[in-house]
Amino acid sequence: MTSRSTLLHKAWYVFQKDLHQEFRTRYAINAIFLFAVTTLIVVSFSIGPAGLSAQVLSPLLWIIIFFSAMSGLSHIFVREEEQQTSDTLRLVAPANAIFLGKWLFNAVLLIGLEILIVPLYLIFMNLEVKNPGGFAAIILLGSLGVSTVATIIAAIISRASARGALFAVLSFPITLPILVSAIHGTGMAIAGRPMVEMMGDYQILFAFLVVIFTASVLLFEFIWII
Amino acid sequence: MKQDVLLWIFLIIWIGVGAYLFYLDRQVRSLKKRFLFHEAKSEK
Amino acid sequence: MLKNDRPWFHGFKIFTFVWMIFVIIGSIKVAPEATGFVSTSRVVFFHVPVAWVAVLAFLVSAVFSIRYLRKKQMEDDIWASSSAALGFLFAILATVTGSMWAKHEWGSYWNWDPRETSIVILLLIYAAYFALRSAIDSQETKAQLSAVYSILAFVTVPFLIFVVPRVIFTLHPQNPIFTNEPKQRMTPSIRWVFFASLFGFTLVYYWILRLKVDIERIKQRMTEMEDKS
Amino acid sequence: MWRIVGENITQQFNRRTIFRNISFEIKSGESLVLIGPNGSGKTTLIRIICHLLRPTAGKVTYLNEGKRISFEELQPHLGLVGPYLQLYNNLTAFENYTFFSKIRGLPVDVERFRDLMKRLGLAGREMDELRTYSSGMLQRMKYVCALIHDPDVLILDEPTSNLDEEGVQIVYRIIEEQKRDKILILATNEPGEFRFGDKQIHIAA
């Protein structure tokens with residue numbers, strides 16, 4: 001195993017390269033932002049004024065986050081296969097560094113998206129969050145989980161004849177524990193329930209993130225080199 | 001009314017298993033056909 | 001060709017057949033009207049084992065997937081995919097019979113009871129597994145990627161079992177119709193028939209799995225022969 | 001002193017055997033040429049040697065100074081040029097060069113970049129995106145990226161494809177230099193290039 005420092009350096013260079021390519025083509029950014037904003041507008045236009053309870057608005061927020069992820073987070077691997085640059089990358093960098101670099105790209109992309117659309121969502125749905133700190137923490141922890149699952153599943157479908165639908169179908173069952181806990185936690189945060197009630201969700205989200213991240217790092221090598 | 005729900009459930013399970021076994025049997029028959037055809041071809 | 005079939009398998013088939021006959025007779029004959037044991041609860045002798053086999057098949061598939069990644073033997077992939085195919089069938093049966101029982105017992109076909117939710121999630125995992133397999137043509141890639149996916153799903157299941165019941169309560173706090181598990185109130189005779197049925201269905205599962213694995217093996221040999229000629 | 005050893009490598013694809021029990025050994029200063037008709041599996045064998053593909057059976061071991069090393073340790077010393085290896089078309093030549101230098105743990109040496117570009121006849125195109133390059137120029141750019149770190153192991157799969165006469169001569173000079181004290185593995189259909197291999201492996205169709 002390369003020493004930890006060079007592994008992180010290589011992961012960083014892979015991340016830099018992908019960021020560079022992304023700013024040149026802006027394909028994933030366009031896909032994910034356009035999807036999120038259009039969904040947001042349609043949702044708020046149709047049911048915004050209805051003044052729905054947190055119990056409905058919290059799952060709705062996470063549905064938007066999940067499907068936004070599904071519209072843009074597979075591109076990081078699919079692009080490599082489509083442009084036949086995956087072998088070049090396979091040749092020059094170890095599998096772990098590549099997974100870390102790609103994971104970081106997806107996490108930054110998804111969280112960057114949320115920084116824009118979550119406040120918009122709260123405004124459009126005139127939803128007042130009583131416990132903003134807990135709310136932000138749940139969103140962050142949940143998004144890290146979602147981007148981890150999206151990254152490993154993106155690697156899988158990039159090696160299959162990747163059709164868009166396959167990405168959501170494969171990701172959903174694995175992401176379910178995150179969605180269930182995150183929806184529950186977000187609802188609690190909006191309603192301003194005491195922190196102790198949200199502890200369960202934090203623990204599940206954190207434990208799941210650790211487990212799925214470790215499993216992904218271990219399994220990635222079997223996806224990357226068949 | 002209660003009994004027939006139980007009966008239906010019982011039947012559905014065994015019909016499902018039976019159908020699957022029938023499907024496997026069909027597969028074995030087509031494999032046999034392929035094998036015989038192949039053997040005939042190689043003898044020629 | 002294939003090594004001669006296992007001689008014990010013939011005996012196994014007879015034993016399983018006879019065992020299931022006793023289970024079916026037992027499930028009808030067992031003393032009804034035990035404490036709170038309503039006659040329709042007899043369904044527990046069939047619905048629950050089917051769900052159990054669906055879960056068992058998933059675990060077996062995950063184990064063979066791990067073996068495949070370690071040793072890359074096509075044999076392991078055959079076992080993993082065959083077990084998953086069976087698990088898929090039993091998951092469908094469990095879902096259908098479950099909702100029929102729910103309709104009769106609680107009045108509605110579906111009400112997101114924790115067990116209903118978890119069996120449907122298992123169904124989703126199987127559907128995703130086979131969607132992935134059908135999207136890949138190269139044998140080696142198909143085996144490897146589906147093995148990875150089944151391990152990922154396997155890692156997720158404990159969280160689902162832990163998370164789903166906990167949250168379902170609070171999502172539907174006004175869920176009065178959640179009845180506790182009829183099994184706990186079983187008398188010894190009923191419990192005995194129930195476990196016999198559980199064991200019986202596991203034998204049936206193994207029987208069909210054995211058939212399916214042998215068919216896949218022969219199919220593989222056939223294509224190899226046809227490729228050669 | 002680098003060594004690569006292949007032990008009865010077998011590869012199957014959809015249960016069809018492409019090649020079986022290929023063994024070889026190659027040390028620094030030696031060169032190996034893989035000969036075989038199209039579709040005989042030359043490229044597959046190269047991809048196995050470069051750890052891009054796991055063989056169905058058999059294994060490839062890499063050694064440096066007699067000590068076994070992992071493929072990751074070999075990566076910064078390996079260069080590969082092949083038709084299936086694309087560079088980043090939406091980035092410029094220099095951006096590609098920067099990435100390949102940094103990922104191999106090298107400082108970005110602009111001087112060396114200019115020399116390599118001049119040597120491969122691409123002077124003046126340093127800041128253009130690769131998608132504006134012709135296929136011949138892309139092939140030359142692959143050599144630039146494969147030679148940044150002066151690799152101890154250079155592997156060429158159809159080295160002169162898409163190259164004009166001048167390009168072919170440049171590549172032959174690179175091959176001659178590499179053969180002197182480093183490992184060179186070559187896969188080609190051109191009989192004229194068989195002479196570059198001290199050792200040969202014939203892969204039947």
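A note on names: the letters A, B, ... follow the listed sequences, proteins ahead of strands, and every chain is numbered from 1.
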**Request:** Could you tell me which portion of A/Phe222 (side chain, backbone, both or neither) has an atom closer than 4.5 angstrom to a non-hydrogen atom of chain D?
**Result:** both
**Fill in**
Under 4.5 Å to a heavy atom of chain D? For A/Ile226 that would be backbone
**Asked** With distance as the sole criterion, is a donor-acceptor pair present between the side chains of D/Glu73 and D/Ser70 under 3.5 Å?
**Response** yes
**Prompt:** Side chains of D/Asn90 and A/Thr25: donor-acceptor distance under 3.5 Å anywhere?
**Reply:** no
**Asked** Cation over ring, D/Lys199 on D/Phe24, under 6.0 Å and within 45°?
**Response** no
**Message:** Do D/Arg125 and D/Tyr133 form a cation-pi contact, if we require the NZ or CZ to be under 6.0 Å from the six-membered ring centre and within 45 degrees of the ring's axis?
**Reply:** yes
**Asked** Do you know which of A/Gln16, A/Gln21, A/Arg90 has the most heavy-atom pairs with chain D at a distance under 4.5 angstrom?
**Response** A/Gln21
**Message:** I'd like to verify something: which residue of A/Glu80, A/Gln84, A/Arg24 has the highest number of heavy-atom pairs under 4.5 Å with chain D?
**Reply:** A/Arg24
**Request:** Might you work through the salt bridge (charged side-chain N to carboxylate O under 4.0 Å, His left out) test for D/Arg114 and D/Asp109, ending with a clear yes or no?
**Result:** CA-CA 9 Å; D/Arg114 281 219 180 78; D/Asp109 177 347; over 6 Å; no
**Message:** I'd like to know which of D/His51, D/Arg104, D/Arg47 tops the heavy-atom pair count under 4.5 Å against chain A.
**Reply:** D/Arg47
Measuring heavy-atom distances to chain A, does [X] have an atom under 4.5 Å in its side chain, in its backbone, in both, or in neither?
X	answer
D/Ser101	neither
D/Tyr84	both
D/Leu78	side chain

**Item:** Salt-bridge present (D/Glu65, D/Lys67; N to O < 4.0 Å)
**Value:** no
